[in-house]
Amino acid sequence: MKVLEEGKWKMAWSMEVVCSEKQCGAKLLVEESDVTAVDYSSPAKYSCECAVCGSVLNLPPAEIPLRVKAVADKGKLYRDYD
């Protein structure tokens with residue numbers, strides 16, 4: 001199969017977030033490598049850590065591309081239902 005046009009799959013992704021006012025209020029640019037999957041979450045949840053105060057910031061899953069979620073999910077811990 002030949003790829004005629006790659007589309008958006010390999011485009012770099014980032015989003016702006018603001019750390020909660022209860023924390024530090026910093027405006028941050030979250031990049032792909034900052035996204036982590038929340039362990040044991042179902043449905044899947046994603047977060048990042050504020051670079052200023054270290055608070056955990058929840059990210060809206062609908063705004064994160066599938067390929068970024070796939071990378072984050074590789075490090076996620078899942079419940080063991082034996």
Side-chain angles (χ1 to χ4, degrees):
M1 177 184 303
K2 292 183 182 180
V3 176
L4 300 176
E5 187 176 321
E6 287 191 9
K8 297 188 274 183
W9 190 256
K10 290 188 178 182
M11 289 178 64
W13 173 86
S14 65
M15 70 182 294
E16 288 185 14
V17 297
V18 176
C19 188
S20 168
E21 284 185 33
K22 294 177 184 175
Q23 303 302 327
C24 72
K27 185 175 182 179
L28 307 164
L29 182 67
V30 177
E31 296 176 310
E32 296 177 23
S33 60
D34 301 319
V35 177
T36 57
V38 177
D39 291 336
Y40 310 113
S41 63
S42 180
K45 296 180 183 177
Y46 300 90
S47 64
C48 67
E49 185 177 308
C50 177
V52 177
C53 71
S55 297
V56 174
L57 306 174
N58 294 316
L59 303 173
E63 295 184 28
I64 302 171
L66 288 174
R67 64 181 178 76
V68 176
K69 290 178 185 179
V71 171
D73 286 342
K74 287 180 182 176
K76 178 179 175 179
L77 297 177
Y78 294 89
R79 295 199 192 282
D80 187 15
Y81 295 105
D82 282 339

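Here the structure is a predicted model, which is why all the values come from computation and not from measurement.
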Verify the cluster assignment for V68 and V17: are they in a single hydrophobic cluster under the rule of side-chain heavy atoms below 4.5 Å apart?
yes
Determine the minimum heavy-atom distance between V18 and G25, stating which atoms define it.
CG1-O, 3.8 Å
Residue from L57, D73, D34 passing side chain to side chain contact (heavy atoms under 4.5 Å, CB included) with Y46
D73
Mind listing the closest non-hydrogen atom pair of V38 and K76 along with its distance?
O-CE, 3.3 Å
What's the spacing between C48 SG and L59 CG if we round to 0.5 Å?
4.5 Å
Min side-chain heavy-atom separation C19-C53 under 4.5 Å:
yes
Does atom NZ of K45 have more than 12 heavy-atom neighbours, drawn from other residues, nucleotides or ligands, at distances under 6.0 Å?
no
Heavy-atom closest pair (V56 atom, S47 atom, distance to 0.1 Å) is CG1-CB, 3.8 Å
Measure across E63 and M15 and return the closest heavy-atom pair with its distance rounded to 0.1 Å.
OE1-CE, 3.3 Å
If you compare all heavy atoms of V35 against all heavy atoms of A72, which two are closest, and at what distance to 0.1 Å?
O-CB, 3.9 Å
